[in-house]
Amino acid sequence: MAENAKPFARVAAGIIWENGRFLAALRPQGKPRAGYWEFPGGKQEPGESMEQTLRRELHEELGIEAGRVLPWRVVLHDYPDLDVELHFFHVLDYSGAPRADDGSQLRRMTPAEAVVLNFLPADRELLPVLREPD
C-alpha cells in the first residue's frame with residue numbers, strides 16, 4: 001500500500017422493497033457522513049461473500065433475515081477519506097420488523113421521493129434508475 005493511499009472497503013447494501021417503497025436509513029450524529037440517507041448494509045469481513053455480508057449486516061443493523069436477494073449493481077466511489085466498492089442487492093422479501101438500534105432513523109420511500117433527499121453520493125447516483133424488480 002502506498003504511503004498516501006486511502007483505506008479501501010467492500011460494502012454490501014440492500015434495497016429492501018415493500019409495496020413499491022424501499023427502506024432507507026439516516027446516518028446518526030457521531031458516525032462518518034452523519035446526516036446522509038443510505039441503503040442499509042455494511043463492510044465485508046474476511047471470508048464472506050458479498051451476499052453473506054449483506055445478510056449479516058441486515059441482521060445486525062435492522063434485526064431482519066433477508067429472504068430472496070438479487071445482485072443489482074456495483075459502484076466504485078472515492079470519498080475524501082475512503083475508497084469504496086459498493087455491491088447493491090434488491091431484497092425482495094424478509095422476515096422480522098426492521099428496527100434501527102444504532103441511533104439512525106428509518107424511512108420507507110419511493111425512488112421519486114428519494115431523489116430530493118440528502119443521500120450518500122455513492123447511493124445517490126442510483127436513485128434516478130432505481131425501480132422495484134418484477
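Hydrogens, waters and symmetry mates are skipped; everything else that's a heavy atom, side chains included, is used. Numbers here are sequence positions counted from 1. The structure presented is a predicted model; accordingly, all values stated were derived computationally and were not measured.
Taking His90 as the reference, Trp17 meet the side chain to side chain donor-acceptor pair (under 3.5 Å) condition, with sequence neighbours excluded. Legend: residues meeting side chain to side chain donor-acceptor pair (under 3.5 Å) with Asp83, ordered by chain and number and at least two apart, are Lys6. Shown here are the side chain to side chain donor-acceptor pair (under 3.5 Å) partners of Tyr94, two or more places apart in sequence or in another chain: Glu18, Arg108. For Glu113, the side chain to side chain contact (heavy atoms under 4.5 Å, CB included) partners at least two apart in sequence or on another chain are Arg21, Met109, Thr110.
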Determine, step by step, whether Leu117 and Tyr36 satisfy the side chain to side chain contact (heavy atoms under 4.5 Å, CB included) criterion, reporting the C-alpha distance in whole Å, the side-chain angles of both residues, the deciding distance to 0.1 Å, and the verdict. CA-CA 8 Å; Leu117 296 175; Tyr36 281 97; over 6 Å; no
Applying side chain to side chain contact (heavy atoms under 4.5 Å, CB included) to Arg33 and Asp81, what does each step give before you reach the verdict? CA-CA 11 Å; Arg33 290 168 267 291; Asp81 61 331; 3.0 Å; yes
Apply side chain to side chain contact (heavy atoms under 4.5 Å, CB included) to Val69 and Arg55, showing your working. CA-CA 9 Å; Val69 301; Arg55 291 178 183 283; 3.7 Å; yes
Full working for side chain to side chain contact (heavy atoms under 4.5 Å, CB included) between Phe22 and Ile16: CA-CA 5 Å; Phe22 65 87; Ile16 305 166; 5.8 Å; no
Contacts table for residues 70-78: side-chain donor-acceptor under 3.5 angstrom, sequence neighbours left out:
none

Atom pairs and distances, donor-acceptor, side-chain atoms in residues 122-132, under 3.5 Å, two or more places apart:
from, atom 1, to, atom 2, distance (Å)
Asp123, OD2, Phe39, N, 3.0
Arg124, NH2, Phe119, O, 3.2
Glu132, OE1, Gly20, N, 3.2

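Using a 4.5 Å cut-off between side-chain heavy atoms of Ile, Leu, Val, Met, Phe, Trp and Tyr, with links allowed through other members, Val11 and Met50 fall into different hydrophobic clusters. Under the 4.5 Å side-chain heavy-atom criterion for Ile, Leu, Val, Met, Phe, Trp and Tyr, Val84 and Trp37 are members of the same hydrophobic cluster. Residues Phe89 and Leu106 fall within the same hydrophobic cluster, defined by Ile, Leu, Val, Met, Phe, Trp and Tyr side chains chained together at heavy-atom separations under 4.5 Å. At a threshold of 4.5 Å between side-chain heavy atoms, the hydrophobic network of Ile, Leu, Val, Met, Phe, Trp and Tyr places Val91 and Phe88 in two separate groups.
For the side-chain hydrogen bond (donor to acceptor under 3.5 Å, both in side chains) with Arg56, the lone residue among Glu48, Glu61, Glu51 that qualifies is Glu48.
Taken from CG in Leu26 to CZ in Arg107, the straight-line distance is 9.5 Å, to the nearest 0.5 Å. Atoms NZ and CG, from Lys43 and Leu86 in turn, are 11.0 Å apart once rounded to the nearest 0.5 Å.
In plain terms, the two heavy atoms of Ala66 and Leu58 that are nearest each other are CB-CD1, 4.2 Å. Heavy-atom minimum distance, Gly42 versus Thr53: O-CG2, 3.5 Å. Residues Gly35 and Gln29 come closest through the heavy atom pair N-NE2, 4.4 Å.
There is no side-chain donor-acceptor pair under 3.5 Å between His59 and Glu57.
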